[in-house]
There are 2 protein chains.
Amino acid sequence: MDTGFDLREHGGVDVFLRDCPTRAVLELIAGKWTMLVLVALEDGRPMRFAELRRRLDGVTAKVLTGTLRALEREGLLTRAVYPTVPPRVEYRLTALGREVGGLLQGITDWAQANVAAVVAAREEFDERAARPPAAVE
Amino acid sequence: MDTGFDLREHGGVDVFLRDCPTRAVLELIAGKWTMLVLVALEDGRPMRFAELRRRLDGVTAKVLTGTLRALEREGLLTRAVYPTVPPRVEYRLTALGREVGGLLQGITDWAQANVAAVVAAREEFDERAARPPAAVE
DNA sequence: CGGCATCCACCTAGATACTG
DNA sequence: CAGTATCTAGGTGGATGCCG
């Protein structure tokens with residue numbers, strides 16, 4: 001899939017540029033479940049499909065499969081199939097994946113630490129919007 | 001908007017739980033343009049609407065507006081309107097926003113540094129998938 | 001157990017046109 | 001300049017059912 005974007009023509013890469021492949025990387029992370037998968041596996045311990053499914057409260061099998069495939073494709077995790085019966089499939093991060101996982105964990109940690117402030121800001125914003133714009137300063 | 005989720009019932013918060021408000025924070029970041037807005041403003045310098053629009057190659061006015069509103073609502077940035085003519089609107093991150101911005105810059109930096117490895121992994125994966133599954137070793 | 005196939009509802013983002 | 005209004009297409013995610 002050639003996007004017509006040549007790195008060498010750009011003296012480096014820039015996430016802000018529309019056709020730069022880094023955009024694809026960002027959009028991958030932007031997936032609704034990607035961040036949670038990466039954080040769940042971040043400690044290096046491999047996890048089975050069902051285990052991930054349980055951990056990511058609310059994810060469906062289809063979507064989890066898709067997310068895992070996408071991450072495997074980008075080289076962020078590996079999928080190991082043990083042809084036992086019943087089948088056993090383990091997912092674990094690659095070195096590359098562990099790097100992003102660490103960064104993303106920073107984000108989730110921040111979210112957990114600051115959720116109260118965010119919720120408060122949201123409520124204040126909504127209240128402000130609901131009130132009739134009384135006086136203009 | 002009460003989701004029925006009470007922080008006090010959960011001895012803390014957990015991004016992995018379905019109705020935890022931290023999920024909303026994560027999904028905000030998951031927006032296609034959110035990350036770029038936050039990183040663009042991360043250095044603290046305020047930017048005008050048109051300036052952001054130019055920086056985020058490919059974004060439309062409508063979507064940028066929506067993204068900025070959402071971030072303002074969560075308390076991550078402020079919107080200052082100067083009633084001059086022509087109008088002048090400046091966006092800048094709040095303290096909270098600067099924190100996330102910094103973390104997200106880590107992600108974009110990583111993406112820019114490792115895009116080659118990711119693209120390579122992707123190509124190898126696709127090639128593997130295209131080939132007839134020769135031997136089942 | 002760990003999927004894949006199918007169908008569907010939503011919603012986001014994009015294009016376009018118009019306004020204070 | 002900095003939006004808003006409207007319409008639409010495509011994709012993402014969700015529910016269900018079947019298979020190796």
Side-chain angles (χ1 to χ4, degrees), chain A residues 1 16-19 23-37 40-41 46-74 77-92 129 133 136-137, chain B residues 1 16 18-19 23-24 26-37 40-41 46-74 77-92 125 129 133 136:
Chain A
M1 186 178 15
F16 288 101
L17 292 179
R18 143 178 242 154
D19 292 320
R23 277 284 182 89
V25 179
L26 289 198
E27 292 184 20
L28 170 66
I29 291 169
K32 188 174 176 183
W33 299 100
T34 314
M35 219 178 296
L36 291 177
V37 169
L41 292 169
M47 290 178 80
R48 299 181 61 176
F49 186 84
E51 192 181 2
L52 275 168
R53 188 151 154 49
R54 278 190 301 273
R55 188 83 210 279
L56 275 57
D57 189 27
V59 74
T60 63
K62 191 190 95 173
V63 171
L64 181 55
T65 301
T67 304
L68 290 168
R69 282 287 182 286
L71 290 172
E72 186 190 1
R73 191 170 104 103
E74 314 293 301
L77 61 76
T78 60
R79 176 173 179 272
V81 183
Y82 301 92
T84 57
V85 50
R88 178 186 185 84
V89 180
E90 284 185 352
Y91 294 92
R92 79 188 66 203
V136 184
E137 179 58 17
Chain B
M1 179 177 25
F16 288 101
R18 142 177 241 152
D19 293 319
R23 277 283 181 90
L26 289 196
E27 291 184 20
L28 171 67
I29 291 169
K32 188 174 176 183
W33 299 100
T34 314
M35 220 178 297
L36 292 177
V37 169
L41 293 169
M47 290 179 80
R48 299 181 59 178
F49 186 84
E51 193 181 359
L52 274 168
R53 188 153 154 46
R54 277 190 301 273
R55 189 81 210 278
L56 274 57
D57 188 27
V59 75
T60 63
K62 192 191 94 173
V63 171
L64 181 55
T65 301
T67 304
L68 290 168
R69 284 284 184 288
L71 290 172
E72 188 190 359
R73 191 170 103 101
E74 315 292 301
L77 60 77
T78 60
R79 177 173 178 271
V81 183
Y82 302 91
T84 58
V85 49
R88 179 185 185 82
V89 179
E90 284 186 352
Y91 294 91
R92 80 188 66 204
F125 182 93
V136 186

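Everything numeric in this text was worked out from a predicted model, so none of it was measured. FYI, side chains are in, hydrogens and waters are out, and symmetry mates aren't considered; it's all heavy atoms of this structure. In what follows, chains carry the letters A, B, and so on, assigned in the order in which the sequence lines appear, proteins first and then strands, with residues in each chain numbered from 1.
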_I need the CZ-P distance between A:Arg53 and C:dC4, as an integer number of Å._
13 Å
Using atom names, set out every protein N or O paired with an N or O of nucleotides 10-13 of chain C below 3.5 Å, distance rounded to 0.1 Å.
| unit_1 | atom_1 | unit_2 | atom_2 | d |
| --- | --- | --- | --- | --- |
| C:dA13 | OP1 | B:Lys32 | N | 3.4 |
| C:dA13 | N7 | B:Lys62 | NZ | 3.3 |

*Return yes if some donor-acceptor pair links the side-chain N/O of B:Arg53 with the main-chain N/O of B:Val59 below 3.5 Å, else return no.*
yes
*Value in whole Å for how far the C1' atom of D:dG14 lies from CG of A:Asp57*: 15 Å
*Would you please enumerate the stems DNA chain D participates in, each stem being three or more consecutive Watson-Crick or G-U wobble pairs with both distances under 3.5 Å?*
C:1-20 with D:1-20
*Round to a whole Å and report the spacing from CD of A:Glu90 to C1' of C:dG2.*
13 Å
*How close or far is atom C1' of D:dC1 from atom CZ of B:Arg54, stated in whole angstroms?*
11 Å
*In whole angstrom, what separates A:Glu27's CD from D:dG11's P?*
12 Å
*Does the side chain of B:Leu26 come within less than 4.5 Å of A:Leu36's, by heavy atoms?*
yes
*Rounding to a whole Å, what distance do you find between A:Met47:CE and C:dG3:P?*
14 Å
_Length of the line joining B:Phe49:CZ and D:dG3:C1', which is rounded to integer Å_ = 6 Å
*Just checking A:Ala61: base, sugar-phosphate only, or nothing, at a heavy-atom cut-off of under 4.0 Å?*
nothing
*Distance in Å, A:Leu64 CG paired with A:Phe49 CZ, rounded so as to fall on 0.5 Å steps*: 4.5 Å
*Flag, side chain of B:Asp57 to backbone of A:Leu17, donor-acceptor distance under 3.5 Å*: no
*Could you tell me whether the phosphate oxygens of C:dC4, OP1 or OP2, come under 4.0 Å of any side-chain nitrogen or oxygen in A:Arg69?*
yes
*asked:* Tell me if a side-chain donor or acceptor on A:Arg23 pairs with a main-chain N or O of A:Phe16 at a distance below 3.5 Å.
replied: yes
_I need the minimum non-hydrogen distance between B:Val37 and B:Leu77, along with the two atoms involved._
CG1-CD2, 4.3 Å
*Whole-Å gap separating C1' (C:dA15) and CG (B:Leu64)*: 16 Å
*Mind running side-chain contact (heavy atoms from CB on, under 4.5 Å) on A:Leu68 and A:Leu52 for me, showing each step along the way?*
CA-CA 10 Å; A:Leu68 290 168; A:Leu52 275 168; 4.0 Å; yes
_How long is the straight-line distance from OG1 of B:Thr67 back to OH of B:Tyr91, given to the nearest 0.5 Å?_
10.5 Å
_It should be established whether A:Arg79 places a side-chain nitrogen or oxygen under 4.0 Å from OP1 or OP2 of nucleotide C:dG3._
yes
*Pick base, sugar-phosphate or nothing for A:Tyr91, based on heavy-atom distances below 4.0 Å to the nucleic acid.*
sugar-phosphate
*Starting from the 5' end of DNA chain D, give me the residue, A:Pro87 or A:Val59, whose nearest nucleotide shows up first.*
A:Val59
*Minimum heavy-atom separation for A:Val81 to A:Pro83, with atom names?*
O-CD, 3.6 Å
_C:dG2, OP1 or OP2 - any side-chain N/O from A:Arg48 closer than 4.0 Å?_
yes
